[in-house]
S.K.: 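Handing you a structure now.
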Protein chains: 2
Amino acid sequence: MTNSDRPTGASAPSVKDVAAAAGVSLGTVSNVLNRPERVSPRTRERVERAMAGLGFVRNESARQLRAGRSRVLAYVMLDGSNPFFSDVARGIEDVAERRELSVFLCNSDQVAEREDAYLSLLEQQRVLGVLITPVDPENPALAGLTRRGTHVVVVDRTRSGDTHCSVAVDDVLGGRLAVEHLLDLGHRRIAFVGGPEQIGQVRDRRSGARAALESAGLPADSLVDVATEGLTVEAGRGAGARIAGMSGRRRPTGVFCANDLVALGLLQQCVALGVRVPEELAIVGYDDIDFAAAAAVPLTSVRQPRRELGRKAAELLLDETTSPDHVHQQVVFQPELVARASTRGMAGRTTPQRPEPVP
Amino acid sequence: MTNSDRPTGASAPSVKDVAAAAGVSLGTVSNVLNRPERVSPRTRERVERAMAGLGFVRNESARQLRAGRSRVLAYVMLDGSNPFFSDVARGIEDVAERRELSVFLCNSDQVAEREDAYLSLLEQQRVLGVLITPVDPENPALAGLTRRGTHVVVVDRTRSGDTHCSVAVDDVLGGRLAVEHLLDLGHRRIAFVGGPEQIGQVRDRRSGARAALESAGLPADSLVDVATEGLTVEAGRGAGARIAGMSGRRRPTGVFCANDLVALGLLQQCVALGVRVPEELAIVGYDDIDFAAAAAVPLTSVRQPRRELGRKAAELLLDETTSPDHVHQQVVFQPELVARASTRGMAGRTTPQRPEPVP
DNA sequence: CATCAGATATGAAACCTTTCAATCGTCAAT
DNA sequence: ATTGACGATTGAAAGGTTTCATATCTGATG
């Protein structure tokens, strides 16, 4: 056990203290830390012993101040409790780890003010770069960061213009896939559940849904809009109650939810209220989170390459910070529909049923 | 639009630049930033205009260097993709927000090396304090931080000794509740699913389970142990396959899973392989995450006050950093069993069934 | 008109690390 | 013995912010 106990009040030892203890100059201590090969083994040993004895811990603030930049990436998540975003974060961590960088996770929780507060903080921290799934991709604060020299990559959104890189999945296509699937199954009264309107994902997925209706020769306005306050399980439950409460002739036969959380909440509430899924109501979610497959009725969902999304975003960011001739890119991944029992029929049921609803 | 564009290469403006632009000393700029009431309105206005014009952003590293401490709390999560921990994080954020602090979320992903790397980084960052749900609460690195003056609060674990504060839920009691519930329903062949052994939650919950058996006059060793590699949905699926594969006479009739992720995976796999839940297999999870209620068969689970856990932990940490006469506390919350269909019977089934299995 | 109080503004020092040009010491070659 | 070369070490400067003791100014009071 080294003698590194520090009674309250004494401040942390600095390179200066280490230098004094080892009887060398502070430049030498720094060399031990940063270019050990330039220091003779004898001296190095002595310095290392002094560091251990004093319990020396490098002061990252001072390093950063000197270096001008930190070794930290930040990801501002739209919703920390949505597994979709933690999966994206994992992808970012994969890349960061390989480059010996750390990742600072922030949760805007879909609140614009929180997002702005975090962006401001991160800019002050002089982080290496910011990855963000913004509440609103047109948030002027993003342009501000870029203008002042902090690199920003937008995740899960595309932005008009080429002010920064972005990585996204084609949400319009995703919405189209979801609704085409419902149309293929014969549904004609289809609802879209999600909100609020500011969230781009919501807009795009809905617009894809409308496009699918139009391609099928139906008026886009026939899409029943069920607005929610947010994209949470709780919001989904609320929407479920509203839909279950509709009279049989008005109630949609198929719903497309803006994400899986909403779909799961809606599913749970509908089942609890006696609406059979998918016989009376077919449900399509979005994101294909792990829980989607484990739901009351395994959930049909639109799958996105979540982890890959994070990886690509981090790579773009690092390229931007590293190579001088970087060109902004807008990478768009393709989503994929995963059909399961919530639209198809009851998997595992002893009496299989045809899911065809009344057209 | 202010003229704050900065061509690549030019470094960010500092207080010095602002001072020059406004024609005042740099001390005055600092006063505008920190004690605006001491600056005459005219000067203040001039300085603020200069800051806006130059696109001045405070350098947090330099502030910290001067102040010695940062305004950031960190929470090192055991598993970023487990909603339990994001809920705890939310509780922490609640408290931090109120005090104008920020929260740095880190994900050890149950890897001890990652945990140590983050702890080291955070100590170097001189964060205000560290909240952590450790892979192993006896990790000596924790004692190291405390010894060198960084405050640490352990979340969701208790630690022997009183080296730091901790907030936990009584996992032994939770395990006992879960298994008592199964015993009450008549189950006698009961399995515990979870792992790895190093994780304290796993040990405690299992030990509570064994205690329940003993209290019921059964040998503790009659608890069938199904070890998993981790506490994930995927691990649960694997365990589900193993259990479903057992012959009818050897297969347990009730299982208690170390957390909900494992329980959901297990549930899904068992249902897929044709094992009826709860008729042939009753399942109890742990954590009562939102998804538990929305599962294939709504999941009986042991509920913990997750958000409250985070709040209390953050409060303890802040008390520790603020009040000089702080005394370390070990706060223990009580868990609560929430019975649902996975042990009781099929809720919402048209033909209700008695869940009583063969004893 | 001189003095003083109070309100404002200033400039230097400190925080800790890193870097780099300069110095020191040693050994080999001349 | 002198020089040169080279490896090891040094010391000062820089980086941006905050603080605090000091200086300056304004206006009022005697």
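Residue numbers start from 1 in every chain, and the chains themselves are labelled A, B, ... in the order their sequence lines are given, proteins ahead of strands. None of these values were measured; they are calculated from a predicted model. When reading the values below, keep in mind they use all heavy atoms of this one structure, side chains included, and skip hydrogens, waters and symmetry mates.
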S.K.: Would you say a side-chain N or O of B/Ser25 is under 4.0 Å from OP1 or OP2 of C/dA9?
M.R.: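 The answer is no; no side-chain N or O of B/Ser25 sits under 4.0 Å from OP1 or OP2.
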S.K.: What are the atom names and distances for every N/O pair under 3.5 Å that joins the protein to nucleotides 21-26 of chain C?
M.R.:
none

S.K.: Closest heavy-atom contact between B/Val76 and B/Leu122?
M.R.: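 Closest heavy-atom pair between B/Val76 and B/Leu122: CG2-CD1, 3.8 Å.
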S.K.: With no hydrogens and no angle check, do the side chains of B/Gln201 and B/Asp156 hold a donor and an acceptor under 3.5 Å apart?
M.R.: yes
S.K.: Which pair of non-hydrogen atoms, one from A/Arg311 and one from A/Gly91, has the smallest distance, and what is that distance?
M.R.: CG-O, 3.4 Å
S.K.: Can you measure B/Gln64 atom CD to D/dG15 atom C1' for me and round it to whole angstrom units?
M.R.: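 Going from B/Gln64 (CD) to D/dG15 (C1'), I get 15 Å.
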S.K.: NA contact type, A/Val24, heavy-atom cut-off 4.0 Å: base, sugar-phosphate, or nothing?
M.R.: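 Sugar-phosphate contact only.
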S.K.: Could you go through nucleotides 15-17 of chain C and list every protein N or O atom that sits under 3.5 Å from one of its N or O atoms, giving the distance for each pair?
M.R.:
{"from": "C/dT17", "atom 1": "OP1", "to": "A/Asn59", "atom 2": "N", "distance (Å)": "3.3"}
{"from": "C/dT17", "atom 1": "OP2", "to": "A/Val15", "atom 2": "N", "distance (Å)": "2.5"}

S.K.: Taking all non-hydrogen atoms of both residues into account, name the closest pair between A/Leu128 and A/Thr321 and its distance.
M.R.: O-CG2, 3.4 Å
S.K.: Are there any protein N/O atoms within less than 3.5 Å of an N/O atom in nucleotides 20-27 of chain D, and if so, which ones and at what distance?
M.R.:
none

S.K.: Does the side chain of A/Ser166 come under 3.5 Å of the side chain of A/Gln330 through a donor N or O and an acceptor N or O?
M.R.: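 Yes.
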S.K.: Polar-atom pairs under 3.5 Å, protein N or O versus N or O of nucleotides 4-8 of chain D: list them with distances, or write none.
M.R.:
none

S.K.: Which pair of heavy atoms, one from B/Arg126 and one from A/Val57, lies closest together, and at what distance?
M.R.: NH2-O, 2.9 Å
S.K.: Side chains of residues 100-107 of chain A: which donor-acceptor pairs under 3.5 Å do they make with residues two or more places apart or in other chains?
M.R.:
{"from": "A/Asn107", "atom 1": "OD1", "to": "A/Gly80", "atom 2": "N", "distance (Å)": "3.0"}
{"from": "A/Asn107", "atom 1": "OD1", "to": "A/Asp109", "atom 2": "N", "distance (Å)": "2.9"}

S.K.: Please give me the minimum heavy-atom distance between B/Leu119 and B/Ala141, naming the atom from each residue.
M.R.: CD1-CB, 4.1 Å
S.K.: If an axis is fit to five pairs at each end of the helix from C/dC1-D/dG30 to C/dT30-D/dA1, what is the angle between the two, to the nearest 10°?
M.R.: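 Inter-axis angle at the termini of the helix from C/dC1-D/dG30 to C/dT30-D/dA1: 70°.
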